[in-house]
Structure formats: C-alpha cells, structure tokens
Amino acid sequence: MTEREQFFRDVNKIVIKIGTSSITRKGCDHTRENCNIDPAFMESIAFQVSELRKQGKEVIIVSSGAIGVGLNELGIAPKPREIPIRQAAAAVGQSMLMQDWSRAFSRYGMKVAQILLTYEFYSDRVTYLNLRNSISTLLEYGVVPIINENDCTCTNEIEAIFGDNDKLSAMVASKIDADLLIILSDIDGLFDRNPKTHIDAKLLTIVKKITPEIESYGGDPTSFKGVGGMRTKIKAAKICSMAGCYVVIANSDVEDVILKIASGEEIGTLFLAERHIQKNRARWIILARASGTVRVDAGAKAAVLGKNSLLPAGVVDVEGTFDRGDVVKLECDGKIFAKGITDYTSEELIKIKGVHTDQIENVLGYSNYNNVINLQVIYGNLRLI
Ligand code: GLU
C-alpha cells in the first residue's frame, strides 16, 4: 500500500471544490463569450460522485461559476468591476448552474440541493449548527449539497472577505469535519515556481507542512489564471490542515480525477493534515469545564452508551446555564457517565425534558436535527463517536 493509499484509507466525508475554469467550456477568461457551462464535465463529476456514494462516502460540492456564467448569459465582457453588475450576473448564473448540476446528477438517479452561504456560518454558532444539520440531513437522503457564496446579496464575498471559493470550501470542509477537500482547477497542483513561465518548474506531490517557503510558491494573486490562484489554495490548505482535513489540489482535466484521488492515486499535490486533531478535540471535551449537567434516566443512558440518540423523553433534569455548542456532562443515578457538546440550550432542554420526541416542535415552536438531543458524546476513555 502506498503512502497516499494509507492516508486515504479512512477518508469518508469529501468536499469537492470546482472552479469556474473547470465548469465552463474552454475555460473562462471573461474577455470572450466562452463561459458556457460544460455539460460533459458536469456529468463526469456527477458520475464520479455517484461512484463515491456507492462506496459509502459522503460528498459535498462547492461550485463556482455563477458570475462567469451569468456574465456570459447577459452578454457582458470583459468582466466588469462594478459589484452590482457582478451580483446581477451571479443571480442569473447561479440558477443556470444549479439547473445544469441537477440535470447532470439526475442521469445517475441523484438529487442536488443548493446552499448559498455568507461568511456568518463561520462565526455564528447557531448558523453553523443549522448548516451542519441541514447538510447531514441532505446526505442522509442521498442528496448532494452544492454550495456557493451568496454573491448576489453579499458584497463581502465578491470582494474582500472570502473573495474566492477556495477559502469558502476550506471553511466548509473544516467546519463539517470533512476528511478530504479536493480543489479542482486548471492547474496540476502546487509547483515550486510558476509553470507558465518556468519550464523547469517542479510539481510537489506532497506537502507535509506549510512552511514560509511553501507559501512563497503561491506567488502573487495574479500569477496564475483564475479568481483564487495558488495563494488562496495554499491558504485553504492551511485552514484544513488545522482542522485535520487533507487537501488535494489537482487538474480537473485528468480523467476520473476524483475517483483516482479518492483511491489514493498520486495525482496533484497532497497537503497533509494534522490528523491527531480529532483526538485532541476528544481530549479537549474531556478536559473542558462543563457548563452544565443533563440528568438522564437509565434507559437514556443505555441508549447513549449504545451509540443511540438521546431523546428528550429520557432527560430528567437540567442543571446550569449553557448555550448550543457548549460542553455538558451527562449524569445518571448521581454518576457522570459521559460528556458532550449539546445542540440545545439549557433553556430549551428544560422545556423539552420528559417530552415525547414528536412534541418538541409544539413545545419550542421548532426542532433541531431529527428531533433528538444531538450530542457529540465522549465517554471516559477518549472515545470519539
Ligand atoms: N462565487 C463566485 C461564482 O460563483 C466564484 C468565486 C471563485 O471562483 O472563487 O461565480
């Protein structure tokens, strides 16, 4: 087994970021009318994703292309600087993009869902929890979530704050605990110098640590074609590395590129991740001071220890004041048996304790994921489920 095959053995949740240049026929430089969507390319992605699903993997797509496709549809070239025009273009292009994704996936009997994000999902915990829950529900239904920036309403995304889908995809991958982010673009990976100007430029197949030297290979943002360029891709890899997620940057022109990457073939540049981070998170939960205690009955304890959901009917009492995302202790018969991160606030839990699952919505006016008390539970011995 090669090094890569070993790294990718346990890869389950994969985010695939697809750049505008890959989605559009012959690339998209906004100077000519060449920003048509490439249906054959989309179909090849749909085919590969359907194959990964058959292998039991979860796949989320981050798709660019809204602005490019919209500009093309409106007959606007070259790419305008005016934000309102680009926003209008994004609104036109986004729906076209989704129609084509939907068509491509339907050939393989799969459904897609559009998720448009603003940067709030990253800083606002409730927004993030909602996003995470919607994504996991979509995946459970076998739907492929297709994410883009909400360019039409949010100038930050188009201009400075995200500015590119490389960073967005890294933030998504790190927040939803993906194992691998594949960034597909029109370049083969990270080179030690610009391959377009240096014929002796060498492709790096693996980056174990993002050092200042590696960062210097990114060049300035305009070194390579495309919105993000290499610099933003290295930044994306940095975000993912800290979250324990591998990144592969590869050329979308390679046949079955996603399947090859997922099977551990040496394609593009692999950025290693700090895989121990997940364990650290478990350790962190154990060491973190709990903000409160959720007392449960014996049935609920058995369910949780059997890796089943904690239902509100099993909650006897709630102690302390905590928010969603806080660490709480789980107690039964006066003994702490687990700790976890809660998806409900203490106030909400007090209202729904002892209540039948079907009634959560009636009591709160809304309900969380699957109507269960979603807890990321850790037991005594650093065990993460
Ligand atoms: N969100 C932009 C679009 O869909 C693309 C940003 C990027 O290519 O990185 O057009």
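Atoms within each ligand, like the ligands themselves, are counted from 1 in listed order. Computed from a predicted structure; not experimentally measured.
In summary, Asp179 and Lys13 do not engage in a salt bridge, as defined by a charged side-chain N under 4.0 Å from a carboxylate O.
Ligand 1 has an N or O atom lying under 3.5 Å from an N or O atom of Asn165, backbone or side chain. For ligand 1, the polar-atom distance check finds an N/O of Ser64 within less than 3.5 Å of one of the ligand's N/O atoms.
Remark: the Ser63 side chain and the Asn148 side chain contain no N/O donor-acceptor pair separated by less than 3.5 Å. Checking Thr153 against Asn150 by side-chain atom types alone, a donor-acceptor pair falls below 3.5 Å. No hydrogens or angles considered: nothing links the side chains of Asn251 and Asp186 as a donor-acceptor pair under 3.5 Å.
Centroid-to-centroid, the aromatic rings of Phe271 and Tyr246 stay 6.0 Å apart or farther.
Residue Gly65 places a heavy atom under 4.0 Å from ligand 1.
In Asp151, the part holding a heavy atom less than 4.0 Å from any atom of ligand 1 is the side chain. Only the side chain of Asn148 comes within contact range of ligand 1, with a heavy atom under 4.0 Å; no backbone atom does.
Listed by number with element, the atoms of ligand 1 under 4.0 angstrom from any heavy atom of Thr20 are 8 (O).
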